[in-house]
Amino acid sequence: MAGAIYRAEVIGSMLRPAWLKQARIDFAADRISTAQFKRIEDRAVNEAIALQERCGLDVASDGEMRRSGFVAPLSDYVEGFEAVAFDTRRWRGGGIAGGGEVNLAVPLTVTGKLRRRRSLAAEEFIYARARTQLPLKMALPSPLMMALRWSPEHSAAAYPEPFALFADAVDVLRAEVAELASLGCEYIQIDAPELAALVDPSTREQVFEAHGISTARMLGEGVEMVNTLADAAGVTFGLHLCRGNNAGHWLSAGGYEAISKEVFARLARYDIFLLEYDTPRAGSFEPLADLPRDKRVVLGLVSTKSDELEPSGALIARIDEAARFFPREQMALSTQCGFASVMAGNPIAAATQEKKLRLVAETARRTWG
């Protein structure tokens, strides 16, 4: 078990202020210069880090303020994408109570070979490193997220089958990992919601199999690809699993037992598993027993999808329950996902975001000291 245990974590993204969203629109329309836009991004990162520090978290991120969404290191500065909406995805519920569905078009589709133009993550890390004394976590998307960007119609000329695309995405991400490690990054998290989405049979069929993507291969060959990313000396690697987080909506429902024996064992290079557990949709804690005992678990018990503030006592009771299946001293606490996996962000107030981060830190102190 490598490195220090961080008891209170943020997953990655934080709510983007309205003035940053407007600046991104203005920059795209050539109303402000690159230099002006970068200064606005800098200010947003400064404020995101300051918020995490005053809330008492043990590890910080830059809030992903420079990203169009959490998958940006695989799209924003990588060639091979076009704004071709080949399909829609059904996103369900909103918040803990649920209610309502929305069909959202896939915004970018792979139409050419992936080619990395420059690193987004290096820019993020270099700037943020100088602005906090907290350990700095960098999040990168799983290469299998490209399953949501592969179209049998539009992508086939470049990638006749999706696993060739995933292999090129692995190469892009391995370059990002190597660069981050060379710059002194000691904690990298791979975000893999597509794996947790596979707990739901309807998602397997409608989102993946219906488009020619074998979910059995994803849980075999695909998981091995994800495992190869955790390969840099001196770096602690975490894997984040959730069931989708798009402006407060979710993609899948089901317990980890549907994938835990395959995924937890195959991802041997990862030190930390950060698992969504804020609603009954995530199932029981029993699959934690499938994790090797040299790993750590970060329980994502605090929702980023709802303004409702969880009682600290109830969170501690859930940690006690989880400890029946995995050692308490190897666990920590976090939100279940980022606050803004996409640019719009989840439908909660900025004040709630701060309260939830304080709740994570204060509950962790009560639990582990």
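Side chains included, hydrogens not; waters and symmetry mates left out as well; all remaining heavy atoms used.
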Does a salt bridge link [X] with [Y], judged by any charged N lying under 4.0 Å from a carboxylate O?
{"X": "D168", "Y": "R116", "result": "no"}
{"X": "E41", "Y": "R66", "result": "yes"}
{"X": "E123", "Y": "K38", "result": "yes"}
{"X": "D76", "Y": "R67", "result": "no"}

Assess, by modelled atom type and distance only, whether the side chains of [X] and [Y] contain a donor and an acceptor separated by less than 3.5 Å.
{"X": "Q336", "Y": "T304", "result": "yes"}
{"X": "T132", "Y": "E53", "result": "yes"}
{"X": "S312", "Y": "E362", "result": "no"}

Let me confirm one number: the [atom1]-[atom2] distance from [X] to [Y], rounded to the nearest 0.5 Å.
{"X": "R281", "Y": "S252", "atom1": "CZ", "atom2": "OG", "answer": "8.5 Å"}
{"X": "L195", "Y": "M145", "atom1": "CG", "atom2": "CE", "answer": "10.0 Å"}
{"X": "S182", "Y": "F125", "atom1": "OG", "atom2": "CZ", "answer": "9.5 Å"}
{"X": "Y256", "Y": "F273", "atom1": "OH", "atom2": "CZ", "answer": "11.5 Å"}
{"X": "L229", "Y": "I190", "atom1": "CG", "atom2": "CD1", "answer": "5.0 Å"}

Would I11 and Q189 count as a side-chain contact (heavy atoms from CB on, under 4.5 Å) here? Give the steps.
CA-CA 9 Å; I11 291 299; Q189 172 184 295; 3.6 Å; yes
Decide whether a cation-pi geometry holds between [X] and [Y]; the criteria are a distance under 6.0 Å from NZ or CZ to the six-membered ring centre and an angle within 45° of the ring axis.
{"X": "R217", "Y": "F166", "result": "no"}
{"X": "R149", "Y": "F81", "result": "no"}
{"X": "R129", "Y": "Y187", "result": "no"}

Whether [X] side chain and [Y] backbone form a donor-acceptor pair below 3.5 Å:
{"X": "E209", "Y": "T215", "result": "yes"}
{"X": "K113", "Y": "A158", "result": "yes"}
{"X": "N346", "Y": "I348", "result": "no"}
{"X": "D58", "Y": "R7", "result": "yes"}
{"X": "W19", "Y": "A44", "result": "no"}

Could you go step by step and tell me if S260 and E286 meet the side-chain contact (heavy atoms from CB on, under 4.5 Å) rule?
CA-CA 10 Å; S260 59; E286 289 185 31; over 6 Å; no
In a check of side chain to side chain contact (heavy atoms under 4.5 Å, CB included) between I49 and each of M14, R131, M65, R54, which one passes?
R131
Same cluster or not: F264 versus L267, using hydrophobic residues (I, L, V, M, F, W, Y) connected whenever any side-chain heavy atoms lie under 4.5 Å apart?
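Yes; tracing contacts between hydrophobic side chains, which count when under 4.5 Å, links both residues.
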